[in-house]
Amino acid sequence: LGGTVYPSDTHELRVTELEGLEDALRYLPELSYVDLIDSPAVLEDMDRFSAIRPDIFYYWSFVHDGFTIRTDIQCYSTLRDADYHRFTSEELYPLLKYCKKLKALDLGHNDVTDLTLIGKLTELEVLILADNPNLVDTSPLKELSNLIYLEFFLNDQVEDFSFLDSLPRLRDLNLCYCSKLDSLSFLENMPEISFCMLKFCGVSGDELDYWRG
(Lines give C-alpha, C1' and ligand atoms only; values in the text may rest on other atoms or scores of the structure.)
Protein backbone atom coordinates (compact mmCIF):
# COMPACT_ATOMS: atom_id res chain seq x y z
CA LEU A 1 0.00 0.00 0.00
CA GLY A 2 1.60 3.28 -1.13
CA GLY A 3 4.83 1.40 -1.80
CA THR A 4 4.99 -0.11 1.69
CA VAL A 5 4.53 -3.78 2.56
CA TYR A 6 2.53 -4.38 5.75
CA PRO A 7 2.50 -7.63 7.76
CA SER A 8 -0.83 -9.38 8.21
CA ASP A 9 -0.92 -8.54 11.94
CA THR A 10 -0.88 -4.74 11.34
CA HIS A 11 -3.16 -2.97 13.83
CA GLU A 12 -2.90 0.66 12.69
CA LEU A 13 -2.60 2.27 9.28
CA ARG A 14 -1.99 5.87 8.18
CA VAL A 15 -2.82 6.74 4.57
CA THR A 16 -2.73 9.92 2.50
CA GLU A 17 -4.00 8.35 -0.73
CA LEU A 18 -7.00 6.07 -1.06
CA GLU A 19 -5.80 3.79 -3.84
CA GLY A 20 -5.41 0.25 -2.54
CA LEU A 21 -7.05 0.94 0.82
CA GLU A 22 -10.04 -1.30 0.13
CA ASP A 23 -7.69 -4.25 -0.43
CA ALA A 24 -5.81 -3.39 2.77
CA LEU A 25 -9.08 -3.46 4.72
CA ARG A 26 -9.81 -6.93 3.36
CA TYR A 27 -6.34 -8.44 3.79
CA LEU A 28 -5.24 -7.01 7.14
CA PRO A 29 -7.51 -8.89 9.58
CA GLU A 30 -6.03 -7.33 12.76
CA LEU A 31 -6.52 -3.76 11.57
CA SER A 32 -8.46 -1.67 14.10
CA TYR A 33 -7.46 1.95 13.36
CA VAL A 34 -7.06 3.82 10.07
CA ASP A 35 -5.81 7.43 10.01
CA LEU A 36 -7.41 9.24 7.05
CA ILE A 37 -7.04 12.77 8.39
CA ASP A 38 -4.63 13.84 5.61
CA SER A 39 -6.37 11.93 2.85
CA PRO A 40 -8.93 13.23 0.31
CA ALA A 41 -11.64 10.90 1.71
CA VAL A 42 -15.22 12.18 1.57
CA LEU A 43 -18.37 10.77 3.15
CA GLU A 44 -19.05 8.41 0.25
CA ASP A 45 -15.55 6.94 0.66
CA MET A 46 -16.10 6.49 4.39
CA ASP A 47 -19.38 4.70 3.81
CA ARG A 48 -17.66 2.37 1.37
CA PHE A 49 -14.77 1.59 3.71
CA SER A 50 -17.11 1.11 6.67
CA ALA A 51 -19.23 -1.32 4.67
CA ILE A 52 -16.11 -3.48 4.19
CA ARG A 53 -14.83 -3.20 7.80
CA PRO A 54 -17.36 -1.66 10.20
CA ASP A 55 -15.25 -2.77 13.18
CA ILE A 56 -12.45 -0.31 12.41
CA PHE A 57 -12.17 3.19 13.90
CA TYR A 58 -11.59 5.69 11.10
CA TYR A 59 -9.79 8.87 12.13
CA TRP A 60 -11.22 11.42 9.69
CA SER A 61 -12.65 14.95 9.57
CA PHE A 62 -15.69 16.53 7.96
CA VAL A 63 -17.52 19.86 7.98
CA HIS A 64 -20.82 20.17 9.86
CA ASP A 65 -22.68 23.40 10.55
CA GLY A 66 -19.62 25.38 9.44
CA PHE A 67 -17.25 23.58 11.82
CA THR A 68 -14.57 21.04 10.97
CA ILE A 69 -15.31 17.99 13.10
CA ARG A 70 -12.77 15.24 13.82
CA THR A 71 -14.08 11.76 14.45
CA ASP A 72 -12.09 11.46 17.68
CA ILE A 73 -14.09 14.21 19.44
CA GLN A 74 -15.57 13.33 22.83
CA CYS A 75 -18.05 16.22 23.22
CA TYR A 76 -20.35 17.96 20.75
CA SER A 77 -23.36 20.30 20.94
CA THR A 78 -25.63 21.71 18.25
CA LEU A 79 -26.59 24.61 20.55
CA ARG A 80 -27.32 27.67 18.41
CA ASP A 81 -29.05 31.07 18.41
CA ALA A 82 -32.84 31.29 18.66
CA ASP A 83 -33.21 31.51 14.88
CA TYR A 84 -31.81 28.05 14.29
CA HIS A 85 -32.25 25.23 11.81
CA ARG A 86 -33.38 21.92 13.29
CA PHE A 87 -31.02 19.20 12.09
CA THR A 88 -32.49 15.89 10.94
CA SER A 89 -31.04 12.43 11.55
CA GLU A 90 -29.83 12.40 7.94
CA GLU A 91 -28.00 15.70 8.29
CA LEU A 92 -26.30 14.46 11.46
CA TYR A 93 -25.30 11.16 9.83
CA PRO A 94 -21.49 11.67 9.67
CA LEU A 95 -21.40 12.84 13.28
CA LEU A 96 -23.41 9.90 14.57
CA LYS A 97 -21.87 7.27 12.31
CA TYR A 98 -18.16 8.02 12.62
CA CYS A 99 -17.63 9.91 15.91
CA LYS A 100 -17.64 6.72 17.95
CA LYS A 101 -15.71 8.11 20.92
CA LEU A 102 -18.35 10.65 21.99
CA LYS A 103 -18.96 10.85 25.74
CA ALA A 104 -21.21 13.94 25.75
CA LEU A 105 -23.68 14.80 22.98
CA ASP A 106 -26.25 17.60 22.83
CA LEU A 107 -28.84 17.20 20.07
CA GLY A 108 -31.59 19.10 21.84
CA HIS A 109 -34.07 21.22 19.85
CA ASN A 110 -33.54 19.40 16.57
CA ASP A 111 -35.66 17.07 14.43
CA VAL A 112 -34.00 13.74 15.18
CA THR A 113 -36.32 10.82 14.41
CA ASP A 114 -33.95 7.85 14.01
CA LEU A 115 -31.87 6.98 17.09
CA THR A 116 -30.22 3.88 15.61
CA LEU A 117 -26.77 5.45 15.33
CA ILE A 118 -27.03 7.15 18.73
CA GLY A 119 -27.66 3.72 20.22
CA LYS A 120 -24.25 2.64 18.91
CA LEU A 121 -22.41 5.42 20.77
CA THR A 122 -21.94 3.18 23.78
CA GLU A 123 -19.34 5.41 25.46
CA LEU A 124 -21.90 8.20 25.96
CA GLU A 125 -22.26 9.43 29.53
CA VAL A 126 -24.17 12.65 28.81
CA LEU A 127 -27.01 12.88 26.28
CA ILE A 128 -29.42 15.74 25.55
CA LEU A 129 -32.33 14.88 23.26
CA ALA A 130 -34.84 17.41 24.54
CA ASP A 131 -37.45 18.87 22.17
CA ASN A 132 -37.22 16.63 19.13
CA PRO A 133 -40.91 16.91 18.31
CA ASN A 134 -41.18 14.08 15.78
CA LEU A 135 -39.29 11.49 17.78
CA VAL A 136 -41.28 8.29 18.43
CA ASP A 137 -39.03 5.21 18.57
CA THR A 138 -36.64 5.33 21.53
CA SER A 139 -35.65 1.65 21.61
CA PRO A 140 -32.00 2.17 20.49
CA LEU A 141 -31.30 4.14 23.67
CA LYS A 142 -31.45 0.95 25.74
CA GLU A 143 -27.89 0.22 24.58
CA LEU A 144 -26.49 3.29 26.35
CA SER A 145 -25.81 1.63 29.69
CA ASN A 146 -23.05 4.13 30.56
CA LEU A 147 -25.37 7.15 30.60
CA ILE A 148 -25.15 9.27 33.75
CA TYR A 149 -27.09 12.35 32.57
CA LEU A 150 -30.13 12.42 30.26
CA GLU A 151 -32.25 15.40 29.20
CA PHE A 152 -35.36 14.11 27.45
CA PHE A 153 -37.97 16.77 28.12
CA LEU A 154 -40.58 17.98 25.63
CA ASN A 155 -40.72 14.78 23.55
CA ASP A 156 -44.48 14.60 23.45
CA GLN A 157 -44.82 11.88 20.78
CA VAL A 158 -42.87 9.25 22.72
CA GLU A 159 -45.07 6.57 24.29
CA ASP A 160 -42.56 3.82 25.09
CA PHE A 161 -40.14 4.68 27.88
CA SER A 162 -38.97 1.11 28.50
CA PHE A 163 -35.45 2.05 27.41
CA LEU A 164 -35.05 3.67 30.84
CA ASP A 165 -35.05 0.22 32.44
CA SER A 166 -31.65 -0.41 30.83
CA LEU A 167 -29.84 2.69 32.14
CA PRO A 168 -28.67 1.67 35.62
CA ARG A 169 -26.00 4.37 35.99
CA LEU A 170 -28.31 7.37 35.52
CA ARG A 171 -27.98 10.02 38.19
CA ASP A 172 -29.67 13.02 36.57
CA LEU A 173 -32.86 12.70 34.49
CA ASN A 174 -35.24 15.26 32.99
CA LEU A 175 -38.58 14.01 31.60
CA CYS A 176 -40.64 17.19 31.89
CA TYR A 177 -43.44 17.71 29.37
CA CYS A 178 -43.42 14.06 28.28
CA SER A 179 -47.19 13.76 28.52
CA LYS A 180 -47.34 10.06 27.64
CA LEU A 181 -45.04 9.02 30.49
CA ASP A 182 -47.36 7.29 32.97
CA SER A 183 -45.06 5.17 35.16
CA LEU A 184 -41.88 5.63 37.15
CA SER A 185 -41.15 1.93 37.61
CA PHE A 186 -37.81 2.40 35.85
CA LEU A 187 -36.53 4.07 39.02
CA GLU A 188 -36.24 0.62 40.58
CA ASN A 189 -33.36 -0.05 38.17
CA MET A 190 -31.53 3.22 38.87
CA PRO A 191 -29.76 2.83 42.21
CA GLU A 192 -27.63 5.95 41.65
CA ILE A 193 -30.41 8.36 40.63
CA SER A 194 -30.22 11.61 42.64
CA PHE A 195 -32.15 14.15 40.56
CA CYS A 196 -35.31 13.58 38.50
CA MET A 197 -37.42 16.34 36.91
CA LEU A 198 -41.01 15.34 36.05
CA LYS A 199 -42.91 18.62 35.65
CA PHE A 200 -46.04 18.29 33.46
CA CYS A 201 -45.45 14.63 32.60
CA GLY A 202 -48.28 12.06 32.57
CA VAL A 203 -47.48 10.41 35.91
CA SER A 204 -50.28 10.52 38.49
CA GLY A 205 -49.97 12.45 41.72
CA ASP A 206 -50.29 9.22 43.73
CA GLU A 207 -47.34 7.64 41.96
CA LEU A 208 -45.25 10.77 42.37
CA ASP A 209 -46.02 10.70 46.09
CA TYR A 210 -45.05 7.04 46.27
CA TRP A 211 -41.61 7.62 44.77
CA ARG A 212 -41.05 10.80 46.77
CA GLY A 213 -41.65 8.76 49.88
Side-chain angles (χ1 to χ4, degrees), residues 42-44 46-47 50 54 57-58 60-167 169-182 186 195-202:
V42 296
L43 182 58
E44 290 76 15
M46 298 300 298
D47 288 346
S50 182
F57 178 76
Y58 298 94
W60 175 62
S61 67
F62 59 95
V63 177
H64 173 69
D65 196 25
F67 295 95
T68 298
I69 309 296
R70 299 190 331 187
T71 57
D72 65 342
I73 61 170
Q74 294 191 347
C75 304
Y76 187 76
S77 171
T78 58
L79 183 62
R80 297 172 300 284
D81 295 333
D83 186 21
Y84 59 80
H85 164 72
R86 287 180 180 259
F87 292 114
T88 65
S89 306
E90 291 76 19
E91 290 173 305
L92 292 165
Y93 177 85
L95 178 73
L96 302 177
K97 173 75 172 181
Y98 295 110
C99 296
K100 297 181 179 180
K101 297 184 179 296
L102 281 165
K103 290 187 177 296
L105 178 62
D106 178 0
L107 298 182
H109 313 289
N110 284 296
D111 193 18
V112 177
T113 55
D114 186 350
L115 302 182
T116 304
L117 293 176
I118 294 180
K120 295 181 180 179
L121 300 174
T122 54
E123 294 187 24
L124 276 178
E125 296 181 1
V126 174
L127 178 61
I128 299 175
L129 278 174
D131 185 24
N132 280 271
N134 295 305
L135 179 62
V136 175
D137 180 14
T138 59
S139 57
L141 297 182
K142 65 184 179 182
E143 305 299 328
L144 303 181
S145 59
N146 287 313
L147 274 188
I148 295 172
Y149 180 99
L150 175 62
E151 282 191 20
F152 202 74
F153 64 84
L154 210 60
N155 287 316
D156 202 46
Q157 298 302 311
V158 174
E159 297 183 6
D160 183 4
F161 291 85
S162 61
F163 72 93
L164 292 168
D165 291 323
S166 302
L167 309 181
R169 295 188 62 200
L170 267 184
R171 300 176 190 170
D172 195 309
L173 177 61
N174 187 335
L175 295 169
C176 294
Y177 299 95
C178 290
S179 62
K180 296 180 175 63
L181 174 70
D182 59 6
F186 55 82
F195 187 78
C196 188
M197 294 187 66
L198 299 164
K199 184 179 180 180
F200 296 119
C201 68

Test salt bridge (Lys or Arg N to Asp or Glu O under 4.0 Å) applied to E159 - qualifying residues, sequence neighbours left out: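 Testing E159 for salt bridge (Lys or Arg N to Asp or Glu O under 4.0 Å), a comparison that skips the adjacent residues, returns none.
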Those residues that, when tested against R169, pass salt bridge (Lys or Arg N to Asp or Glu O under 4.0 Å) (two or more places apart):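 Listed in chain order: nothing, the list is empty.
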Shortest non-hydrogen contact between [X] and [Y], atoms and distance:
| X | Y | value |
| --- | --- | --- |
| H85 | N110 | O-OD1, 4.1 Å |
| L147 | L127 | CD2-CB, 3.8 Å |
| F163 | K142 | CB-N, 3.9 Å |
| S61 | T68 | CB-CG2, 4.1 Å |
| I69 | L95 | CG2-CD1, 4.2 Å |
| L92 | L107 | CD1-CD2, 4.0 Å |

If the condition is side chain to side chain donor-acceptor pair (under 3.5 Å), which residues does [X] pass it with, not counting sequence neighbours?
| X | value |
| --- | --- |
| D165 | N189 |
| T88 | E90, E91 |
| R70 | Y59, D72 |

Ring geometry between F87 and H64 (parallel below 30°, tilted from 30 to 60°, perpendicular above 60°):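 Tilted.
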From F186 atom CZ to L170 atom CG, the distance as rounded to the nearest 0.5 Å: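 F186 CZ to L170 CG: 9.0 Å, rounded to 0.5 Å.
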Between D106 and T78: side-chain donor-acceptor atoms closer than 3.5 Å: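 Side chains of D106 and T78: no pair found under 3.5 Å.
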Row check, F57 ring normal vs K101 NZ/CZ: under 6.0 Å, within 45°: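 Pair K101/F57 counts as cation-pi.
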Between the side chain of [X] and the main-chain N/O of [Y], is any donor-acceptor distance below 3.5 Å?
| X | Y | answer |
| --- | --- | --- |
| Y98 | Y58 | no |
| N155 | F152 | yes |
| T71 | W60 | yes |

Pairs involving residues 126-138, ordered by first then second residue, that meet side chain to side chain donor-acceptor pair (under 3.5 Å) (sequence neighbours left out):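 Sorted pair list: R86-D131, H109-D131, D111-N134, D137-S139.
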L141 and its side-chain contact (heavy atoms from CB on, under 4.5 Å) partner, picked from I118, L164, L167: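 Answer to the side-chain contact (heavy atoms from CB on, under 4.5 Å) test with L141 among I118, L164, L167: I118.
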Listed partners of F161 passing ring pair (Phe, Tyr, Trp, His ring centres under 6.0 Å), at least two apart: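 For F161, no residue satisfies ring pair (Phe, Tyr, Trp, His ring centres under 6.0 Å) once neighbours in sequence are set aside.
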Under the ring pair (Phe, Tyr, Trp, His ring centres under 6.0 Å) test, residues paired with Y177 that sit two or more places apart: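 With sequence neighbours excluded, Y177 shows a ring pair (Phe, Tyr, Trp, His ring centres under 6.0 Å) to F200, given in chain and number order.
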Test item: L124 and L105 side chains (from C-beta on) under 4.5 Å apart, heavy atoms: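 The answer is yes, as the side chains (C-beta and beyond) meet within the 4.5 Å cut-off.
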4.5 Å side-chain heavy-atom contact, C75 and K103: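 C75 vs K103: side chains apart.
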Just jot down the side chain to side chain contact (heavy atoms under 4.5 Å, CB included) partners of [X], sequence neighbours excluded, or say none.
| X | value |
| --- | --- |
| C201 | L181, L198, V203 |
| C176 | F153, N174, M197, K199 |
| D114 | S89, T116 |
| V126 | A104, Y149 |

Derivation of the side-chain contact (heavy atoms from CB on, under 4.5 Å) call for V136 and V158: CA-CA 5 Å; V136 175; V158 174; 5.8 Å; no
Test side-chain contact (heavy atoms from CB on, under 4.5 Å) applied to I148 and D172, step by step: CA-CA 7 Å; I148 295 172; D172 195 309; over 6 Å; no
Test side-chain contact (heavy atoms from CB on, under 4.5 Å) applied to L173 and F195, step by step: CA-CA 6 Å; L173 177 61; F195 187 78; over 6 Å; no
